[in-house]
**Student:** 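Here it is, the structure in full.
Owing to the predicted nature of the structure, the values given are computational and were not obtained by experimental measurement.
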Amino acid sequence: MTVTAPWDRHDRKIQSWHLDRLAVVHVRQSTPQQVLDRVETRLKYGLTQRAVDLGWAPSRILVIDEDLGQSASGLVDRPGFQWLVPEVGMDHVGLVLGVEMSRLARSGREWHQLLELCALAGALLTDPDGVHDPAEHNDRLLLGLKGTISEAELHLIKQRMWNGRIGKARRGELAVPLPVGHLRLADGHVVKDPDEQVHTVVRLVFDCSTNSV
């Protein structure tokens, strides 16, 4: 018995006119450190082969990586996502690929805006669970649920981080960023930066501020 991978169960959702449009691979990690550390970034670049397997010509596949190191919370500008949304609305995109489609936008507003545009334009969304058509009720329900879970997950992460900061503060272990001209030693003590050039620049800034008042 041959088992078909979820990715390959596209149920004839991909039409010839989809293949005439772009297949867009959206590459994103939340922080610069994740870009350096996580193998997932390399997997996302490998999604170009997935698009080829689904029928797209290599010349019609576009990788968007301008959002690497940017959060998808909706609080920061993401040029890649901001480019993608109008391109979908203008019927230029036939397929959007990602490892986790719900991480394309952690903001419910942005996620549902993209789903609405994809439904109107006929664009498909693809992740390891298969090919999804936002114009179909079941697929739209699944994608909406994924977006809701993703947004709730972001809230829980922020809540855990805040509780961790509060716990450290109560134990006297919270380390806040130091002003320029100071350094924190390995034992936690704060000392002045021994670099004389740093002190000179700091004094210059204060002198200019004083003279301008």
Side-chain angles (χ1 to χ4, degrees), residues 2-30 35 39-70 72 74 76-151:
T2 302
V3 179
T4 305
W7 190 284
D8 298 324
R9 299 175 194 151
H10 43 78
D11 299 325
R12 299 182 181 179
K13 293 176 183 177
I14 300 175
Q15 305 296 322
S16 58
W17 54 268
H18 283 116
L19 303 178
D20 293 333
R21 300 180 182 180
L22 293 174
V24 178
V25 177
H26 187 269
V27 183
R28 186 191 72 81
Q29 290 296 344
S30 299
V35 175
V39 179
E40 205 172 326
T41 301
R42 295 194 294 273
L43 292 177
K44 288 182 178 179
Y45 282 111
L47 291 176
T48 54
Q49 183 58 45
R50 296 291 190 182
V52 172
D53 295 341
L54 290 172
W56 265 263
S59 60
R60 304 298 297 164
I61 301 172
L62 177 67
V63 176
I64 299 178
D65 57 4
E66 288 87 351
D67 297 340
L68 282 173
Q70 299 290 337
V76 296
D77 291 333
R78 293 186 295 146
F81 185 81
Q82 291 170 352
W83 176 89
L84 174 63
V85 170
E87 289 297 310
V88 170
M90 291 187 292
D91 299 343
H92 294 167
V93 178
L95 181 71
V96 182
L97 301 97
V99 172
E100 288 184 59
M101 293 308 301
S102 61
R103 297 189 74 247
L104 186 64
R106 293 266 192 186
S107 164
R109 176 183 57 80
E110 290 186 344
W111 177 243
H112 289 284
Q113 177 191 23
L114 179 62
L115 291 186
E116 187 66 30
L117 286 175
C118 286
L120 293 173
L124 305 173
L125 294 166
T126 308
D127 63 10
D129 291 330
V131 178
H132 310 290
D133 183 355
E136 294 187 4
H137 173 73
N138 288 341
D139 285 1
R140 189 183 185 91
L141 182 63
L142 176 62
L143 291 169
L145 182 60
K146 286 187 175 185
T148 300
I149 293 174
S150 179
E151 189 172 21

**Student:** Does the side chain of I149 reach to within under 4.5 Å of the side chain of K146, using non-hydrogen atoms?
**Tutor:** no
**Student:** Could you give me the CA-CA distance, side-chain angles and deciding distance for V24 and L97, then say whether side chain to side chain contact (heavy atoms under 4.5 Å, CB included) is met?
**Tutor:** CA-CA 6 Å; V24 178; L97 301 97; 5.9 Å; no
**Student:** Determine the minimum heavy-atom distance between L54 and L19, stating which atoms define it.
**Tutor:** O-CD2, 4.0 Å
**Student:** Any sub-3.5 Å donor-acceptor pair from W56's side-chain atoms to R21's backbone N or O?
**Tutor:** yes
**Student:** Could you walk me through whether V96 and L84 pass side chain to side chain contact (heavy atoms under 4.5 Å, CB included), step by step?
**Tutor:** CA-CA 9 Å; V96 182; L84 174 63; 4.2 Å; yes
**Student:** What's the verdict on side chain to side chain contact (heavy atoms under 4.5 Å, CB included) for L114 and F81, showing C-alpha distance, side-chain angles and the deciding distance?
**Tutor:** CA-CA 10 Å; L114 179 62; F81 185 81; 4.1 Å; yes
**Student:** Could you work out, with salt bridge (charged side-chain N to carboxylate O under 4.0 Å, His left out) as the rule, every residue matching D133, not counting sequence neighbours?
**Tutor:** none
**Student:** I'd like to check I64 versus V25 (side-chain heavy atoms, cut-off strictly below 4.5 Å). Are they in contact?
**Tutor:** no
**Student:** Does Q15 offer a backbone N or O that forms a donor-acceptor pair with the side chain of H18 under 3.5 Å?
**Tutor:** yes
**Student:** Begin from the C-alpha positions of L125 and L143 and carry the test side chain to side chain contact (heavy atoms under 4.5 Å, CB included) through to its verdict.
**Tutor:** CA-CA 9 Å; L125 294 166; L143 291 169; 3.7 Å; yes
**Student:** Mind listing the closest non-hydrogen atom pair of V88 and A121 along with its distance?
**Tutor:** O-CB, 3.2 Å
**Student:** Not counting sequence neighbours, list each pair that qualifies as a salt bridge (Lys or Arg N to Asp or Glu O under 4.0 Å) and has a residue in residues 113-126.
**Tutor:** E116-R140
**Student:** Considering all heavy atoms of both residues, which atom of A123 and which atom of V93 are nearest to each other, and what is their separation?
**Tutor:** CB-O, 3.4 Å
**Student:** Report the distance from atom SG of C118 to atom CD of Q113, rounding to the nearest 0.5 Å.
**Tutor:** 10.5 Å
**Student:** At their closest point, which heavy atom of I61 faces which heavy atom of A51, and how far apart are they?
**Tutor:** CD1-CB, 3.6 Å
**Student:** To the closest 0.5 Å, what do you measure between OG1 (T126) and CG (L95)?
**Tutor:** 3.5 Å
**Student:** R60 side chain to D20 main-chain N or O, any donor-acceptor pair under 3.5 Å?
**Tutor:** yes
**Student:** Donor-acceptor pair, K13 side chain versus H132 backbone, under 3.5 Å?
**Tutor:** no
